[in-house]
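Here's the structure, in structure tokens; my notes come after.
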Amino acid sequence: MAEGREHREYRMEELAREAGITVRTLRFYRERGLIQPPRREGRIAWYDDHHLARLRTITGLLDRGHTLNGIADLAATFDSGRDVAEVLGLGEPTEETPVRLTPEKLADYFADEATAENLSAALDLGYLATDGDEIVHISRRLLEVSAELVREGVPLSAVLSSGRLVREHADALAAHFVRVLRTHAADTDPDQLRTLAHAVVDAELSMALDRQLRDDDAPRPAPDLRGQDT
DNA sequence: ATTCTTACA
DNA sequence: TGTAAGGA
């Protein structure tokens with residue numbers, strides 16, 4: 001019979017055996033903060049599937065050449081990350097599809113750019129969230145684009161900074177569209193607003209890119225993007 | 001006697 | 001990271 005993913009608990013020796021490490025190594029990892037403290041019942045330490053998944057992740061990253069200290073940084077980053085339910089809320093009406101990733105897959109996307117600092121920034125931006133020992137990226141599109149930019153040589157830190165900037169402007173634009181709708185057409189279906197706003201921004205961005213790419217030898221200040229309301 | 005920690009190699 | 005010694 002195959003072992004279903006149960007919620008059983010393990011004592012040190014059993015957990016270590018399942019994870020393919022020694023008990024000494026297990027304690028070593030715990031001292032370095034690579035795994036969270038076990039549930040303590042008097043003298044004995046109880047570990048669960050959560051810890052087991054983490055241990056397998058650690059050995060996987062170790063095999064990929066990551067250093068223990070590096071993994072410790074990643075672990076700290078993930079443990080400090082908010083939970084997915086918190087970020088995704090109760091089914092927000094976004095068109096973006098989340099992507100579930102293992103830490104290894106994330107390393108595949110960004111290679112050595114997947115530093116603790118960058119991951120921390122991505123968590124802060126809300127791009128990434130932790131769900132158990134897995135990671136969730138809130139938008140497959142943003143994930144793919146980010147990976148592509150990194151492949152093109154853009155540092156991930158710069159990609160994330162750009163994301164933060166775009167986020168601010170997008171927030172301003174969205175706030176403006178909503179304000180206009182509520183002021184002049186309060187009865188309009190919000191879904192129509194999405195479509196119209198998308199079209200406006202897409203067209204304007206397209207033309208803006210044309211302008212920026214064309215006269216790059218004619219120095220010209222960037223157009224100001226500020227919501228000047230009452 | 002068992003389970004885990006401390007300390008040392 | 002292994003192991004011996006010791007607390008609970």
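Values below: every heavy atom of this structure, side chains too, minus hydrogens, waters and symmetry copies. This one's a predicted model, so the numbers in the text were calculated from it and none came from an experiment. A, B, ... follow the sequence lines: proteins, then strands. Residue 1 opens every chain.
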Taking any strand in view, what nucleotide pairs with B:dT2 in a Watson-Crick or G-U wobble way, both distances under 3.5 Å?
C:dA8
Of A:V136, A:T77, A:L106, A:L143, the one forming a side-chain contact (heavy atoms from CB on, under 4.5 Å) with A:L128 is A:L106
Length of the CG-C1' vector between A:L15 and B:dT3, whole Å
15 Å
Starting at CZ of A:F28 and ending at P of B:dT6, how long is that distance when rounded to a whole Å?
15 Å
On the nucleotide B:dT5, are OP1 or OP2 found under 4.0 Å from the side-chain N or O atoms that A:R40 carries?
yes
Between A:P37 and A:R30 the two heavy atoms that sit nearest each other are CA-CD, 4.4 Å
Expressed as a whole number of angstroms, how long is the span from A:E41:CD to B:dC4:P?
11 Å
Atom-to-atom span, CG of A:L68 to P of C:dT1 - whole angstrom
7 Å
Without decimals, in angstroms, what is the distance between A:R27 CZ and B:dT3 P?
13 Å
Atom CZ of A:R43 and atom P of C:dG7 are separated, to the nearest Å, by 12 Å
Less than 4.5 Å apart, side chain to side chain, heavy atoms only: is that true for A:F28 and A:I21?
no
Ignoring backbone atoms, test whether A:T25 places a side-chain nitrogen or oxygen under 4.0 Å from the OP1 or OP2 oxygen of C:dT1.
yes
Nearest to the side chain of A:R11, which nucleotide is it out of C:dA8, B:dC4, C:dT1?
B:dC4
Side chain to side chain donor-acceptor pair (under 3.5 Å) involving A:T57 - partner list, sequence neighbours excluded
none
To the nearest Å, how far apart are A:L26 CG and B:dC4 C1'?
11 Å
A:E31 has an atom CD; how far is it from atom C1' of B:dC8, in whole Å?
14 Å
Taking only the side-chain heavy atoms of A:R24 (C-beta and beyond), determine which of C:dA8, B:dA7, B:dC4 contains the nearest atom.
B:dA7
